[in-house]
Amino acid sequence: MNNSFDSDNQCELSYELLHLLQWLTDQEVHALKKLIIRVVNDGLSKQLVKPDGLDNNNSSKAVQNSIVDFLDLLDALLHETLNEHSVKKAQQQNLMTSINKIDASSCDTDTVQLSLDKVSAQLELKPEANAKEVLFKEILKRWKPSKKRRLN
């Protein structure tokens, strides 16, 4: 993690965290608004009342520590999620040889993609499972054969 305050009280943020913050402000304003509404409804508004006897020096240190803690948490969650995403992509890549053998005229790509997503989630819970077998079971669950194509 690259988040810290140096001796001049300047904060250093990781490259990934800066991009996450930019993405959130550009793409997820509505989701952030919903989160803030939930937090306010859960009691934040009661905690926002500033007591009269607060020492400004201690208060600013507490705020600074809160900001650092928040940014550290965001950075940690981002890196954890990126690692999980990499593992999921690797699992999906390993299944690509099996997926390439599926006849596209009998099974549409949406069915395959939904099945692949489901398999990735299942493999996170049970990494010892046979990925190929789980994939084909999921495809069979979702597959709706067309009556147009008939075997002679």
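Along the sequence shown, residues are numbered consecutively beginning with 1.
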Any side-chain heavy atom of Leu77 sitting closer than 4.5 Å to one from Leu73?
-> yes
Working for side chain to side chain contact (heavy atoms under 4.5 Å, CB included), residues Leu114 and Lys118 | CA-CA 6 Å; Leu114 285 171; Lys118 184 75 172 177; over 6 Å; no
How many angstroms lie between [atom1] in [X] and [atom2] in [Y], if you round to the nearest 0.5 Å?
{"X": "His30", "Y": "Leu35", "atom1": "NE2", "atom2": "CG", "value": "12.0 Å"}
{"X": "Asn41", "Y": "Ile36", "atom1": "CG", "atom2": "CD1", "value": "12.0 Å"}
{"X": "Leu140", "Y": "Trp143", "atom1": "CG", "atom2": "CH2", "value": "7.5 Å"}
{"X": "Asp72", "Y": "Ile67", "atom1": "CG", "atom2": "CD1", "value": "12.0 Å"}
{"X": "Ile37", "Y": "Leu32", "atom1": "CD1", "atom2": "CG", "value": "11.0 Å"}
{"X": "Gln113", "Y": "Ile99", "atom1": "CD", "atom2": "CD1", "value": "7.5 Å"}

For residues [X] and [Y], report the shortest heavy-atom separation together with the two atoms involved.
{"X": "Val119", "Y": "Leu135", "value": "CG2-CA, 3.3 Å"}
{"X": "Ala129", "Y": "Val134", "value": "CB-CG2, 4.1 Å"}
{"X": "Thr111", "Y": "Ile139", "value": "CG2-O, 4.1 Å"}
{"X": "Arg142", "Y": "Ser115", "value": "CD-OG, 3.5 Å"}

In terms of hydrophobic clusters joined by side-chain contacts under 4.5 Å, are Leu74 and Val29 together?
-> no
Please check if Leu71 and Val63 belong to a single hydrophobic cluster, counting links between Ile, Leu, Val, Met, Phe, Trp and Tyr side chain heavy atoms closer than 4.5 Å.
-> yes
Taking ring pair (Phe, Tyr, Trp, His ring centres under 6.0 Å) as the test, write out the residues that go with His85, two or more places apart.
-> none
